Amino acid sequence: MADWLWQALLATGFGIASAVIPVLSAEAYILGAGVSGALDPITAAIGISVGQTIGKIGMFLAVRYRPGYTSRRSRKEPKGVNLDSRWGRLVQSYRSASKRLLDALSDARYGLPVTLLSSFTGLPPLYAVSLLAGASRMRVVGFGVAVFVGRAARFVLIAIGIAAF
């Protein structure tokens, strides 16, 4: 098997794991690959990008197709809350903020740019964006492309920086 192929497969596997387990750092993997010289950092960066995209799409689809999702979406209004109590006001503000976030991620003007920004910079956290995007009306293909482009740009820039030394 070609040397770059097993490196890419190994990096893709770690990318999938790091996409769903937040304590596994993809950046540290690329850094370790470049510093050790055991792996090509560019190949590792591309493999990690593919793996992270697969993992984030899996999270997206897990939220989108969770049991009972369609029955909850078809419900008209959530149960009312007592706005005279502190708890009721907190619940109402949480509901309105959630609705605004889901509407923003569903809108192509904001959803894809926020996903792209999140996948490149990490702000807002891509883990949270993946879960929220799955609950929104964002399309899977657009989400996947935005995640891949952002992650590939981030990781390849890191790999280029490491390869320069």
Side-chain angles (χ1 to χ4, degrees), residues 1-67 69 73 94 96-165:
M1 187 182 294
D3 197 33
W4 63 271
L5 183 59
W6 75 263
Q7 292 179 12
L9 289 174
L10 184 65
T12 301
F14 188 84
I16 293 170
S18 69
V20 296
I21 303 171
V23 295
L24 297 177
S25 175
E27 290 84 356
Y29 182 90
I30 296 168
L31 179 68
V35 170
S36 71
L39 302 173
D40 177 38
I42 303 292
T43 304
I46 293 169
I48 287 277
S49 301
V50 170
Q52 286 252 320
T53 303
I54 292 168
K56 296 301 180 189
I57 288 174
M59 291 170 55
F60 178 96
L61 293 174
V63 170
R64 171 83 36 104
Y65 296 110
R66 70 187 182 271
Y69 177 72
R73 298 252 320 161
Y94 172 76
S96 64
S98 294
K99 184 175 179 346
R100 284 194 307 270
L101 282 171
L102 289 174
D103 288 344
L105 280 174
S106 298
D107 189 357
R109 291 178 295 172
Y110 305 114
L112 292 177
V114 165
T115 304
L116 185 63
L117 178 72
S118 174
S119 64
F120 183 71
T121 64
L123 293 172
L126 185 58
Y127 195 91
V129 169
S130 299
L131 298 175
L132 283 172
S136 73
R137 293 182 307 272
M138 184 183 288
R139 295 178 187 232
V140 177
V141 173
F143 174 79
V145 168
V147 169
F148 179 74
V149 168
R151 286 281 139 173
R154 176 184 178 122
F155 297 146
V156 167
L157 283 174
I158 292 170
I160 289 171
I162 293 168
F165 288 104

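Any value given below was found using the heavy atoms of this structure, including those in side chains, with hydrogens, waters and symmetry copies removed. Worth saying up front: this structure is predicted, and the values here are computed from it rather than measured. The chain is numbered in sequence order, starting from 1.
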Please report the shortest heavy-atom distance between E27 and I158, naming the atom on each side.
-> CG-CD1, 3.6 Å
Residues L112 and M138: closest non-hydrogen pair is N-CE, 4.0 Å
Should F120 and L157 count as side-chain neighbours, where that means a heavy-atom distance under 4.5 Å?
-> yes
For residues Q7 and L39, report the shortest heavy-atom separation together with the two atoms involved.
-> CG-CD2, 3.2 Å
If we only count heavy atoms from C-beta on, is the M59 to L131 side-chain gap below 4.5 Å?
-> yes
OG1/T43 to CG/L10 distance, rounded to the nearest 0.5 angstrom?
-> 11.5 Å
Quick one: are Q52 and S18 in side-chain contact, heavy atoms under 4.5 Å?
-> yes
Output yes when a side-chain donor or acceptor of R154 lies under 3.5 Å from a complementary backbone atom of T121, and no otherwise.
-> yes
Measure across A163 and P41 and return the closest heavy-atom pair with its distance rounded to 0.1 Å.
-> CB-CG, 4.2 Å
Exercise: identify the closest heavy-atom pair between G51 and A19 | O-CB, 4.4 Å
Atom CD1 of I30 and atom CD1 of I160: how far apart are they, to the nearest 0.5 Å?
-> 11.0 Å
Does S49 use its side chain to pair, donor to acceptor, with the backbone of F148 at less than 3.5 Å?
-> no
Atom pair CZ/CG of R151 and L116 - distance to nearest 0.5 Å = 11.0 Å
Roughly how far, to the nearest 0.5 Å, is the CZ atom of F60 from the CG atom of L132?
-> 11.0 Å
Spell out, as yes or no, whether a donor-acceptor pair under 3.5 Å connects the side chain of S136 to the backbone of A133.
-> yes
Qualifying residue for side-chain contact (heavy atoms from CB on, under 4.5 Å) with S118, from V147, L123, L126 = L126
So, for A11 and A44, which heavy atoms are closest and what is the spacing to 0.1 Å?
-> CB-O, 3.6 Å
